[in-house]
Amino acid sequence: MNTLATKYDPHAVEDKWYEYWEQHELFKSVPDEREPYTIVIPPPNVTGVLHMGHMLNNTIQDILVRRARMEGKNALWVPGTDHASIATEAKVVKRLAEQGIKKRDLTREEFLKHAWAWTHEHGGVILQQLRKLGASCDWSRTAFTMDEVRSESVLRVFVDLYDKGYIYRGLRMVNWDPKAQTALSNEEVIYREEKSHLYYLKYYVEGLERLDDEEALRAQGNIIHHDERGYYAVVATTRPETIMGDTAMCINPKDPKNQWLHGRRVIVPLVGRVINVIEDRYVDIEFGTGCLKVTPAHDTNDYMLGKTHNLETIDIFNADATISEQSPLYVGMDRMACRKQIVVDLQQAGLMEKVEDYENKVGYSERNSDTAVEPRLCMQWFLKMKHFAELALPAVMNDELKFHPAKYKSTYKVWLEGIQDWCISRQLWWGHRIPAYFLPTRAGEEERFVVALTEAEALAKARQLPGFEQVQASDLRRDEDALDTWFSSWLWPISLFNGINDPGNAELTYYYPTSDLVTAPDIIFFWVARMIMAGYEYMGDMPFRNVYFTGIVRDKLGRKMSKSLGNSPDPLELIDRFGADGVRMGLMLAAPAGNDILYDDALCEQGRNFCNKIWNAFRLVKGWQVSDDAVQPAHSRVAVEWFDNVLRATMAEVKDHFSKFRLNDALMALYRLFWEDFSAWYLEIVKPGYQQPIDRATLNATLDYFDLLLRLLHPFMPFITEELWQHIAERGEGESIMHATIPAPQAADAALLAAMAQAKEVVAGVRSVRKSKNIAPRDLVTLQVVGEMNELCHDVIVKLAGLDSIDVVDAKDATAASFIVGTTEFAVPLKGNVDIAAERAKLEADLKYAEGFLASVEKKLANERFVANAPEAVVAGERKKQADAQSRIATLRAALAALDNQ
RNA sequence: GGGUUGUUAGCUCAGUUGGUUCAGAGCAUCUGCCUUACAAGCAGAGGGUCGGCGGUUCGAAUCCGUCACAACCCACCA
C-alpha cells in the first residue's frame with residue numbers, strides 16, 4: 001500500500017525543488033509594506049571554491065533568512081563575490097608563469113585581460129555550489145566588488161575621504177610582501193613563532209688601541225671585550241644579513257655594561273663602515289649584550305631611532321628582497337641565501353663571537369603564507385583612522401549593535417582604541433585603481449597630484465592649480481596602485497543597494513540597516529569593524545543590528561581544517577553522500593554560537609538519519625485509510641490535545657533560542673520534538689490497529705501537526721520539508737513551504753503536559769518490567785495502582801503499555817513486580833513468576849534514597865536561619881518536598897510490608 | 001608581556017538573576033528485539049565528588065580569591 005521507498009533519497013528531491021524555487025522567483029525580494037529582514041553575504045573570493053567554513057556560515061545565514069521569511073517578513077539575502085585583489089592576482093601570476101609569461105613583461109591592460117579571463121573562467125563556481133546547499137539568495141541581485149556599481153562607489157568614497165582630509169600619502173615603514181611585491185596593512189601580517197638563531201657579532205671600536213682606565217671601568221661594571229685585533233662591542237641579532245644597512249649602534253645611556261662605548265665609533269663587520277655609537281633609552285639593557293645595531297631601512301623600531309637621531313637610511317633590499325646596489329656586498333643575492341652566506345663569512349673572518357638557538361616571531365603575508373614580510377620604507381596611501389574609530393565604538397559598546405557572543409566586544413574595543421592608520425594602497429593591478437593623477441614636475445620637486453572620480457574632473461582640478469593652467473590630459477599620470485580589497489568590502493552593505501552613488505534611494509532606505517551579519521571572528525578587524533565605520537560615515541547609521549560570529553570548523557581532533565593536512569572534506573561530496581539537509585543539520589548540531597565546531601562525518605550521518613525518520617513518519621501517516629464512521633478513541637483524543645500543547649511549548653522555546661542566535665539549541669528542540677514526542681509517543685498512540693482505518697478527526701489533526709512540524713524544520717532542512725509539504729496536501733503551482741507561515745507560539749497547558757509526563761513514566765515502568773521478566777510485547781498484562789492515579793491519560797497508558805486493564809487496589813498482588821512514579825506505587829502481577837529477593841532489594845534501595853533525601857530536606861527546614869532568610873517560595877518548596885518524600889516513604893514501607901506478608 | 005575565554009558523563013555541549021528531585025541533552029556504550037513507518041530502526045539500562053584548594057552564604061556547578069591546564073586575540077625587545 002505504501003509506494004514510497006523505505007529510505008529517503010535526497011538526489012531525487014534536491015535539484016528538483018531548487019529549480020522550482022528559482023523558477024518561481026521565490027527568493028526574490030522587492031520593497032513593500034512588510035518589515036524587511038536583510039542579510040548581506042560575506043562575499044567569498046570570486047575564484048574560490050566552497051570549503052567547510054563557507055558551508056557553516058551560509059547554512060546559518062540561510063536558516064535565519066528562511067525563518068524570517070516564514071515569520072512574515074520581507075526577507076532578502078543578497079549574494080555576491082569579492083575580487084580578492086592579492087589572492088587572485090597571485091593566482092593569475094602563477095598561471096601566467098606556467099605558460100612562461102612574466103607579469104612584468106605585460107602591460108597593465110594585458111594583465112587585466114588575463115585576470116578577467118581567469119575570473120570568468122572560475123568565477124561564480126562558488127555561487128553554484130551555494131545553490132547545492134540550498135541557499136535562498138536573491139540571485140537577481142548578485143554583485144561583485146569590481147562590477148560597475150561597486151567600483152564607482154569605491155572611487156567616490158576615495159575621492160570623498162581625500163577631500164575630507166582623511167586620506168594622505170606618505171613615506172612610511174610598511175609591511176612589504178616581497179613575493180607579491182606590494183605593501184600590506186598591519187592586519188594582513190600573521191606572526192608565527194619560529195626557531196632561529198641569535199648571532200653575536202663583533203663590532204670593533206675604531207681607533208682604540210689602549211683603554212687607559214680599563215681597570216677602573218671594569219670596576220664600575222663595564223664589560224669590555226678585547227682580543228689581539230683590539231677592543232670590540234658585541235651585538236646580538238637574528239638578522240645578520242642586514243648589517244650592510246647599519247648606520248649606528250645604540251646603547252642605553254644607563255647601561256653600566258656599556259659605558260665605555262660612550263661617544264665611540266665602531267666598525268660594521270665585513271662591511272667596514274664606521275658608525276657612531278648613539279644612546280637611547282629604547283634599548284633593553286637586559287637583552288643580549290645591551291648593544292643594538294640600528295638599520296633604519298629594515299626595522300620599524302630602528303626606523304624610529306633613525307628619525308630621532310637623524311641617521312642615514314640605507315635600503316639594501318630590492319622589491320623582491322634580493323640585495324640591492326646600495327649594499328657594498330652580496331648584491332643580487334636573495335635575503336635568505338645571503339643570511340646563510342654571511343654567517344659563514346663572519347665566522348671565517350673571526351667576527352662571530354657565538355651563535356645561540358633562539359625563538360622569535362616572524363611576520364608572514366596572510367595571502368602568501370610562505371613569504372616572510374619585510375619592513376620597507378616606501379610611499380603609500382593611508383587612511384587616518386582616529387575619526388572612524390570614534391564613530392564605530394559607541395554603538396557596539398552600548399549594545400545598539402549587538403555582537404553574539406558578546407565577548408568580542410572587548411576585542412573590538414581594544415583594537416579601536418589602539419588603532420593605527422590604514423595602509424590602503426597595494427602595488428597590484430587587480431583591484432580598484434587609485435583615482436589620483438600626478439602632475440608633471442621637474443626632478444627634485446615635490447610631487448603634485450589631484451584626486452578625482454574621472455580623468456576629466458582630474459584635469460579640471462589640475463588646471464585650477466597655479467602654474468598648471470595649461471596642463472593637458474596627456475600630461476596627467478594616473479597612480480599605478482590599486483586599493484586594498486577591504487577598501488571595497490567595507491562599503492558592501494551600502495554599495496549593494498547603490499547607496500554611495502545614489503544616496504537616499506528607495507531600496508537603500510528600505511533595506512538598510514541590514515538585520516544580521518554572519519561571519520567568522522577572524523575578520524572582525526578586516527571587515528566587521530570597517531563596515532561599521534563606513535556605515536556611520538556614509539549612512540549615519542549602523543550597517544547591521546546583530547553580528548553573529550561563527551566558530552572555526554575543525555576536525556574531530558580539534559585541528560584547523562587545511563589543505564596541507566588533508567583533513568578538510570569536500571563539501572559537495574558530503575552533500576552527495578548525506579544530502580544537503582543531512583549536512584546542514586550535521587553542521588548545525590555541532591555549532592553553538594561562538595564555539596569552534598569539531599566536524600565529524602558522524603554528525604552528518606545523524607542528520608541523514610533524521611531525514612529518514614521524517615520520511616518514514618510520513619510514509620506511516622500517508623498509508624492510513626480514513627473512515628468517517630470510525631469514532632475517535634479516547635486515547636487519540638487525549639494525544640491530540642496533548643501534542644497541541646507540546647507544540648506550543650516547543651515553539652516558544654525555539655523562538656527564544658532564535659532570538660539569542662542559539663540555532664543548535666533550536667534545532668535540537670525540534671529534533672526531539674519530532675523524534676520523541678511526535679514519532680515515539682504521539683504517532684504510537686494514535687496509530688490504528690493493523691488494517692484498521694483511522695478516524696477523520698485524528699487524521700486531520702495529525703496532518704495539521706505534520707504540516708506545522710515541516711514548517712518549523714524547513715529553515716534547517718529545506719529540501720525534504722518542501723518535498724513532504726507538497727505531498728501532505730494539495731498545493732497549487734508556485735506554492736511553497738518557503739512562504740508558508742510559522743505562527744507565533746501560544747501558551748501551553750502545563751497541567752496536561754505534566755499528566756502526560758507522568759503517564760510516560762508509567763509506560764516506561766511497565767516496559768521495564770516486561771523486559772526484565774521477558775514478557776513479549778503482544779502479551780497483555782494488568783497494571784495495579786496502589787492508591788490513586790491521574791485518570792487523564794488512562795487510555796494512553798493502556799494502549800502503550802499493552803494492558804488489559806488498570807486496577808486501583810489497596811494492596812498489590814503478592815507476586816507483582818512494582819515501581820514508583822512520583823508518590824504512587826504501580827505493580828504488574830506476574831502470576832507466580834516474581835523474584836521476591838530482587839523486589840525487596842529494589843524497594844529497599846528506593847527507600848534508603850528517599851529517607852536520605854527526606855533527612856536532607858528536614859535538616860534544611862530545621863535550620864532557623866534558612867527558614868528566616870530564604871524566600872517564602874523556596875521554603876514552601878522545601879515543605880512540599882518534605883511532604884512528598886514522607887508520602888513516598890510510606891508507600892515504599894507499605895510495599896515492603898506487603899512483601900513480608902507473603 | 002598584556003587581554004579574553006574556557007575546564008560539567010567516554011565525546012560535543014546546556015545549565016538564564018545562587019534555591020522546585022539540579023546534576024541535564026545529543027552522540028557513543030551495554031542489554032533485548034527483523035513488533036505489519038523506519039535496523040539510517042524500536043524498547044530498556046548504565047555512566048559525572050561540575051579542574052584543584054580556600055572563602056562568602058542558611059544554601060555554591062553558579063559569587064569571590066588562588067593555583068593548574070587549555071585555547072584564542074593583541075603587542076616594536078633586536
Side-chain angles (χ1 to χ4, degrees), chain A residues 1-2 4 6-8 173 191 198 235-239 242 250 282-284 286-288 291-295 299-304 358 360-361 375 405 407-411 414-415 418 521-522 524-525 552 556 558 578 582 589-592 594-598 600 602-603 605-624 656 660 662 664-665 668-669 671-672 679-680 683-684 687 689-691 764 767-772 774 776-778 849-850 853 856-857 860 863-871 873-878 880-881 884-885:
Chain A
M1 73 185 178
N2 254 315
L4 297 171
T6 61
K7 290 202 164 45
Y8 169 63
M173 185 68 84
Y191 291 90
L198 195 56
V235 170
T237 180
T238 53
R239 300 201 58 193
T242 61
C250 190
Y282 161 76
V283 178
D284 182 351
E286 302 304 319
F287 188 91
C291 295
L292 174 72
K293 67 191 258 328
V294 185
T295 322
D299 183 280
T300 325
N301 304 306
D302 292 11
Y303 176 65
M304 279 156 33
Y358 190 67
N360 66 337
K361 294 214 166 166
K407 67 179 175 185
Y408 289 110
K409 275 168 73 177
S410 49
T411 308
V414 168
W415 185 71
D522 54 351
I524 183 171
F525 306 136
I552 293 166
K556 63 178 165 185
F578 300 108
L589 279 173
N595 279 17
D596 284 356
I597 87 156
L598 303 188
D600 187 348
L603 292 164
E605 272 174 42
Q606 197 183 342
R608 179 201 60 185
N609 294 355
F610 186 45
C611 289
N612 211 44
K613 185 72 190 176
I614 299 170
W615 180 257
N616 278 294
F618 180 77
R619 287 179 62 228
L620 172 69
V621 172
K622 260 321 208 194
W624 287 339
D656 183 56
K660 293 168 182 155
R662 299 174 63 143
N664 65 320
D665 290 331
M668 184 49 70
Y671 175 81
R672 297 183 62 200
S679 300
L683 289 181
E684 289 301 330
K687 184 157 78 174
Y690 185 52
Q691 293 197 333
R767 284 172 176 168
S768 185
V769 170
R770 281 178 178 281
K771 165 145 178 168
S772 65
N774 270 323
R778 61 187 64 199
Y849 177 83
F853 178 71
S856 80
V857 171
K860 215 184 266 189
N863 183 338
E864 282 172 32
R865 289 201 285 179
F866 169 70
V867 179
N869 293 332
V874 173
V875 178
E878 291 298 318
K880 169 116 179 20
K881 278 196 237 170
D884 286 353

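The sequence lines fix the lettering, A, B, ..., with proteins before strands; numbering per chain opens at 1.
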Would you classify [X] as touching base, sugar-phosphate or nothing, given that sugar-phosphate means primed atoms plus P, OP1 and OP2, and contacts are heavy atoms under 4.0 Å?
| X | value |
| --- | --- |
| A:Y303 | nothing |
| A:A868 | nothing |
| A:S679 | base |
| A:A602 | nothing |
| A:V283 | base |
| A:R672 | sugar-phosphate |
| A:T300 | nothing |
| A:A236 | base |
| A:L292 | base |
| A:K293 | nothing |
| A:K409 | nothing |

For the [atom1] atoms, the ones on [N] and on [M], what distance do you get once it is rounded to whole angstrom?
| N | M | atom1 | value |
| --- | --- | --- | --- |
| B:G2 | B:U66 | P | 14 Å |
| B:G32 | B:G10 | P | 24 Å |
| B:U7 | B:G15 | C1' | 15 Å |
| B:C58 | B:G18 | P | 15 Å |
| B:G59 | B:A9 | C1' | 26 Å |
| B:U29 | B:A70 | P | 31 Å |
| B:C63 | B:U20 | P | 16 Å |
| B:C11 | B:G52 | P | 16 Å |

Worksheet item: Is any side-chain N or O of A:R767 under 3.5 Å from a base N or O of B:A43, one able to act as donor and the other as acceptor?
Response: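 Absent.
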Where [X] and [Y] come nearest, the two heavy atoms and their spacing:
| X | Y | answer |
| --- | --- | --- |
| A:T242 | A:R239 | OG1-O, 2.8 Å |
| A:T6 | A:N616 | O-ND2, 3.2 Å |
| A:D299 | A:M173 | O-CE, 3.5 Å |
| A:G582 | A:C611 | N-SG, 4.2 Å |
| A:L620 | A:K687 | CD1-CD, 3.9 Å |
| A:V875 | A:V867 | CG2-O, 4.1 Å |

For [N], does either OP1 or OP2 sit under 4.0 Å from a side-chain N or O belonging to [X]?
| X | N | answer |
| --- | --- | --- |
| A:K613 | B:C42 | yes |
| A:N301 | B:C77 | no |
| A:N664 | B:A25 | no |

Select one nucleotide: of [options], the one nearest the side-chain heavy atoms of [X].
| X | options | result |
| --- | --- | --- |
| A:F866 | B:G19, B:A43, B:A14 | B:G19 |
| A:K771 | B:A43, B:C74, B:A45 | B:A43 |
| A:S410 | B:A78, B:A43, B:U4 | B:U4 |
| A:K407 | B:U4, B:U12, B:A14 | B:U4 |
| A:N616 | B:A37, B:C58, B:U35 | B:A37 |
| A:Y671 | B:C76, B:A40, B:G26 | B:G26 |
| A:R619 | B:C27, B:C58, B:A37 | B:A37 |
| A:Y282 | B:C27, B:G19, B:C76 | B:C76 |
| A:L620 | B:C38, B:A37, B:G44 | B:A37 |
| A:E684 | B:C38, B:G44, B:C58 | B:C38 |

Worksheet item: What stems involve RNA chain B, if each pair must be Watson-Crick or G-U and both of its distances must be under 3.5 Å, with 3 or more such pairs in a row?
Response: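 In RNA chain B, stems of three or more pairs: B:1-7 with B:68-74, B:10-13 with B:24-27, B:29-33 with B:41-45, B:51-55 with B:63-67.
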What's the [atom1]-[atom2] distance between [X] and [N], to the nearest Å?
| X | N | atom1 | atom2 | answer |
| --- | --- | --- | --- | --- |
| A:F578 | B:A40 | CZ | C1' | 11 Å |
| A:D522 | B:A71 | CG | P | 18 Å |
| A:N869 | B:G19 | CG | P | 16 Å |
| A:Y191 | B:C72 | OH | P | 18 Å |
| A:N595 | B:G26 | CG | P | 19 Å |
| A:K556 | B:A28 | NZ | C1' | 12 Å |
| A:D656 | B:A14 | CG | P | 16 Å |
| A:N609 | B:A37 | CG | C1' | 15 Å |

Fill in: NZ/A:K556: more than 12 non-hydrogen atoms of other groups inside 6.0 Å
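It does not: A:K556 NZ has 12 such atoms or fewer within range.
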Worksheet item: Between A:N664 (side chain) and A:A590 (backbone), is there a donor-acceptor pair under 3.5 Å?
Response: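 Checking the backbone N and O of A:A590 against the side chain of A:N664, no donor-acceptor pair under 3.5 Å is found.
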Practice prompt. Hey, which sits more toward the 5' end of RNA chain B by its nearest nucleotide, A:K687 or A:I597?
Written response: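 Looking at RNA chain B, the more 5' nearest nucleotide goes with A:I597.
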Discussion item. Both A:M668 and A:V867 contact RNA chain B. Taking the nearest nucleotide for each, which residue is further toward the 5' end?
Written reply: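 Between the two, 5'-proximity favours A:M668.
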Worksheet item: Relative to the ring of A:Y8, is the ring of A:W615 parallel (under 30°), tilted (30 to 60°) or perpendicular (over 60°)?
Response: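 It falls in the tilted class, 30° to 60°.
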Discussion item. I'd like to know whether A:Y282 forms a side chain to side chain contact (heavy atoms under 4.5 Å, CB included) with A:M304, so could you lay out the CA-CA distance, the side-chain angles of the two residues, the decisive distance to 0.1 Å, and finally the verdict.
Written reply: CA-CA 10 Å; A:Y282 161 76; A:M304 279 156 33; 5.7 Å; no
Discussion item. Let's go through A:L198 and A:F287 carefully: what are the C-alpha distance in whole Å and the side-chain angles of both, what is the deciding distance for side chain to side chain contact (heavy atoms under 4.5 Å, CB included) to 0.1 Å, and is it a yes or a no?
Written reply: CA-CA 11 Å; A:L198 195 56; A:F287 188 91; 4.1 Å; yes
